[in-house]
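Structure record follows, encoded as C-alpha cells.
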There are 2 protein chains.
Amino acid sequence: MLWERAREPHAHRWSLPGGGLGDDEDVEASIRRQLAEKVDVRQLSHVEQLAVFSNPARVPGLRVVATAFLGLVPSHIDPVVPSDTAWYPVDALPATAFDHEAICRRARSRLASKLSYTNLGFALAPPEFTISALRSLYSAALGYKVSATNLQRVLSRRGLLEPTGGTVQPGPSGGRPAALFRFVSGEMRVTDPFAVLRPPSTRSLGS
Amino acid sequence: MLWERAREPHAHRWSLPGGGLGDDEDVEASIRRQLAEKVDVRQLSHVEQLAVFSNPARVPGLRVVATAFLGLVPSHIDPVVPSDTAWYPVDALPATAFDHEAICRRARSRLASKLSYTNLGFALAPPEFTISALRSLYSAALGYKVSATNLQRVLSRRGLLEPTGGTVQPGPSGGRPAALFRFVSGEMRVTDPFAVLRPPSTRSLGS
DNA sequence: CCAGGTTTTCGCCTAACGGTCGAAAACACG
DNA sequence: CGTGTTTTCGACCGTTAGGCGAAAACCTGG
C-alpha cells in the first residue's frame with residue numbers, strides 16, 4: 001500500500017505509510033497508529049519488524065532513521081483507502097520515494113521465507129478458503145507456482161489446516177465443487193520455525 | 001560480552017556494548033565502531049540486525065531507542081577485553097541493565113533458529129575443526145545435544161562441509177584421530193533459508 | 001440425457017532427508 | 001598384546017515432500 005507524496009522531497013513519488021515516533025509509544029504502536037489513519041488497524045492480521053534503514057543519505061537533507069515493518073492483511077479484505085493512497089503489486093511498483101523500493105523488496109523476501117518455514121499464511125487467507133485459493137495466495141507471495149496437492153499435505157501434516165465441511169459451487173466452466181478449509185484456531189500467530197537439527201529422541205515435531 | 005556500567009542509571013549492572021548513532025554512519029557502522037573500542041572488529045565473523053527495542057520506559061528518565069544486533073565471533077578467537085568487560089555464558093547472565101537480558105534472549109533464539117535453517121555456523125567455527133568440536137559448538141548454541149553423525153551428514157548434504165585431509169592427534173585418553181573439516185569458501189556468508197515449498201521440478205536444492 | 005470438457009480431490013509411487021544404532025577403525029595406556 | 005577410548009562410517013527405518021494420474025463431481029452443448 002503506497003501513498004503519493006504531495007510535498008518535496010520526492011513529490012509525486014510513492015512512499016510507504018509511516019511517520020514520526022511519538023514520545024509515549026514504541027515503534028509497533030507507532031506504525032499501528034500511522035496505519036490507522038489509512039486503513040482500519042483491526043484488519044491487520046500480522047505485524048512484525050523488518051529492519052532498520054539508517055543510511056545517512058536515505059532522506060536528502062535530513063537525518064531520518066526508519067524502522068520498517070511487514071504488515072499483512074487477509075486477501076478477502078479490500079480496505080477503503082484515501083484518494084492519495086493505492087495498492088500496487090509488489091512486482092510492479094511505481095516510482096518510489098527514498099529507499100522504499102528496497103524496503104518493499106526486503107519485505108517480500110521475508111514474507112516468502114516465513115511462508116515456507118513457519119505457519120504464517122493464516123495472515124494471508126480469509127477465514128474459509130479452498131485449496132485452489134490458498135494455492136493462488138502462496139504462489140503470488142512466493143513468486144512461483146506451488147503444487148496444490150503438496151501444499152495441502154504439508155500444511156495438514158503440520159496440523160495447521162482443518163476442513164470446514166462446506167463446499168463452494170463451481171464456476172461457469174464446471175468442475176468438481178471445492179472443499180472449504182480453515183486454519184485451526186490457536187495457530188493464528190507465528191510459531192517457531194521448523195527446526196532441522198532436532199534435540200535427541202523427544203519427538204517434538206518441530207513445535 | 002557484557003560491560004559493567006560505572007555510572008547511573010543502573011550502575012554496577014552489566015550491559016551490552018553500544019552507544020549513540022553518529023551523524024555520518026548507519027546503525028551497522030555504528031555498532032562496529034562501538035565494538036572496535038572493546039574488541040578487534042576484524043574478529044567479527046557475522047553481524048546482523050536483531051530488532052528495535054523502543055519501549056518508552058526502557059531507560060529511566062530518558063527516551064532511548066535501541067537497534068539491537070547479533071554479532072558472532074569464531075570460537076578459536078579469545079579477544080582481549082578491557083578490565084570492565086567480560087564474557088558470560090548466555091545461560092548464566094549476571095544482573096543486567098535495562099532490557100538487555102531480553103535482548104540476549106532474543107539473540108540466542110535467533111542464533112538457534114538460523115543455525116538450523118541457514119548455513120550460519122561458519123561464523124562460530126574456526127577455519128579448521130573436527131566434527132566433535134563442531135558438535136560442541138552447535139550443542140552449546142542450540143542448548144541441546146545434537147548427533148555428530150547427523151550434523152556431519154546434514155551439513156555435507158547441503159554442500160557446506162569439506163574435509164581438509166588433515167587430522168588431529170588424539171588426547172591422552174586415546175581414541176581414533178579426528179579428521180579435520182572446513183566450511184567451503186564461498187559459503188562464508190548467510191545464504192537463503194532452506195525452503196520447504198519449492199518451485200516445481202527445477203531441482204534447486206534449496207539454494 | 002448423454003458426451004466431452006473442466007476443476008478438484010485423492011491415493012500411490014519414489015526420492016530424499018533426518019534420526020538412530022552399532023560395528024569397525026585407529027589411537028593410548030599398562 | 002589386551003583393554004579402554006574416541007572417532008568414523010555404513011546400514012536401517014520412519015517421515016517428508018514432490019510428482020503423477022485416476023477418479024470424483026460438476027458444467028455446457030448437442
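Side-chain atoms are counted along with the backbone in the values below, which use heavy atoms only and exclude waters and symmetry mates. Convention: sequence-line order gives letters A, B, ...; per-chain numbering from 1.
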Original post:
Quick one: are the ring centres of A/Phe183 and A/Phe129 less than 6.0 Å apart?
Top reply: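 Yes, ring centres under 6.0 Å apart.
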Original post:
Would one find more than 12 heavy atoms of other residues, nucleotides or ligands at under 6.0 Å from atom CZ of B/Arg13?
Top reply: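 Enclosed: over 12 neighbouring heavy atoms sit under 6.0 Å from CZ of B/Arg13.
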Original post:
Counting only heavy atoms not in A/Arg158, do more than 12 sit closer than 6.0 Å to its CZ atom?
Top reply: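 Counting other residues, nucleotides and ligands, CZ of A/Arg158 exceeds 12 neighbours.
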Original post:
Stepwise, does the side-chain contact (heavy atoms from CB on, under 4.5 Å) test hold for B/Leu21 with A/Arg63?
Top reply: CA-CA 11 Å; B/Leu21 177 64; A/Arg63 183 63 154 127; 3.5 Å; yes
**OP:** Please list all pairs passing the side chain to side chain donor-acceptor pair (under 3.5 Å) test where one or both residues lie in residues 64-93 of chain B, with sequence neighbours left out.
**Re:**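 Residue pairs passing side chain to side chain donor-acceptor pair (under 3.5 Å), neighbours aside: B/Trp3-B/Asp84, B/Asp91-B/Arg108.
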Subject >> Pairs meeting criterion side chain to side chain donor-acceptor pair (under 3.5 Å) with involvement of residues 41-51 of chain A, two or more places apart >> reply: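 Counting only pairs at least two positions apart or across chains, the side chain to side chain donor-acceptor pair (under 3.5 Å) contacts touching residues 41-51 of chain A are A/Asp40-A/Arg42, A/His46-A/Glu48, A/Glu48-A/Arg110, A/Glu48-A/Lys114.
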Original post:
So which heavy atom on B/Ser54 is nearest to which on A/Asp26, and how close?
Top reply: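 Result for this residue pair: OG-CB, 3.2 Å.
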**OP:** Work out which heavy atom in A/Gly121 is nearest to a heavy atom in A/Tyr138; give both atom names and the distance.
**Re:**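 Distance-wise, the nearest heavy atoms are CA-OH, 3.7 Å.
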Original post:
For D/dA17, does either OP1 or OP2 sit under 4.0 Å from a side-chain N or O belonging to A/Arg157?
Top reply: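 For A/Arg157, the contact criterion (side-chain N or O under 4.0 Å from OP1 or OP2 of D/dA17) is met.
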Original post:
Between B/Arg198 and D/dA17, does any side-chain N or O lie under 4.0 Å from OP1 or OP2?
Top reply: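 No, outside the criterion.
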Quick one: [X] [atom1] to [N] [atom2], roughly how many Å, whole number?
X        : N      : atom1 : atom2 : result
A/Leu155 : D/dT16 : CG    : P     : 13 Å
B/Leu160 : C/dC17 : CG    : C1'   : 15 Å
A/Leu151 : C/dT8  : CG    : C1'   : 14 Å
A/Gln152 : C/dT8  : CD    : P     : 12 Å
B/Lys145 : C/dG19 : NZ    : P     : 17 Å

Original post:
A/Ala179 or B/Asn150: which one's nearest nucleotide on DNA chain C is closer to the 5' end?
Top reply: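 Nearest nucleotide further toward 5': that of A/Ala179.
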Subject >> Canonical and wobble pairing (Watson-Crick, G-U, under 3.5 Å) of DNA chain C, dot-bracket with | >> reply: ||||||||||||||||||||||||||||||
**OP:** Taking only heavy atoms on the protein side, list every residue of residues 128-139 of chain B lying under 4.0 Å from any atom of DNA chain C, sorted numerically.
**Re:**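 Those residues whose heavy atoms fall under 4.0 Å from DNA chain C, taken from residues 128-139 of chain B, amount to none.
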Original post:
With side chains defined as the heavy atoms from C-beta onward, is the minimum distance between B/Val168 and B/Thr130 less than 4.5 Å?
Top reply: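 Of all side-chain heavy-atom pairs linking B/Thr130 with B/Val168, at least one is under 4.5 Å.
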Original post:
Heavy atoms under 4.0 Å, any strand shown: does B/Ser147 hit a base, just sugar-phosphate, or nothing?
Top reply: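 Contact class for B/Ser147: base.
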**OP:** Could you check B/Leu197 against A/Leu115 for side-chain contact (heavy atoms from CB on, under 4.5 Å), going step by step and ending with a plain yes or no?
**Re:** CA-CA 9 Å; B/Leu197 283 166; A/Leu115 275 183; over 6 Å; no
Taking only nitrogen or oxygen atoms into account, show me every contact under 3.5 Å that the protein makes with nucleotides 26-29 of chain D, one pair per line with its distance.
unit_1, atom_1, unit_2, atom_2, d
D/dC26, O2, A/Gly175, N, 2.9
D/dC27, O3', A/Pro172, O, 3.3

**OP:** Apply side-chain contact (heavy atoms from CB on, under 4.5 Å) to the pair B/Met1 and B/Leu35, showing each step before the final yes or no.
**Re:** CA-CA 10 Å; B/Met1 189 181 77; B/Leu35 278 177; 3.9 Å; yes
Subject >> Side chain B/Arg153 and base C/dG19 donor-acceptor under 3.5 Å >> reply: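 Such a pair is found, so the answer is yes.
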Restricting both atoms to N or O, compile the protein contacts to nucleotides 1-3 of chain C shorter than 3.5 Å, with distance only.
none

**OP:** Drop me the distance from B/Arg182's CZ to B/Leu161's CG, to the nearest 0.5 angstrom.
**Re:**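 So the CZ of B/Arg182 and the CG of B/Leu161 are separated by 10.5 Å.
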Original post:
What's the spacing between A/Glu4 CD and A/Trp14 CH2 if we round to 0.5 Å?
Top reply: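 If I round to the nearest 0.5 Å, the distance is 4.5 Å.
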Original post:
Can you tell me if B/Gln152 uses its side chain to pair, donor with acceptor, with the backbone of B/Thr149 under 3.5 Å?
Top reply: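 No.
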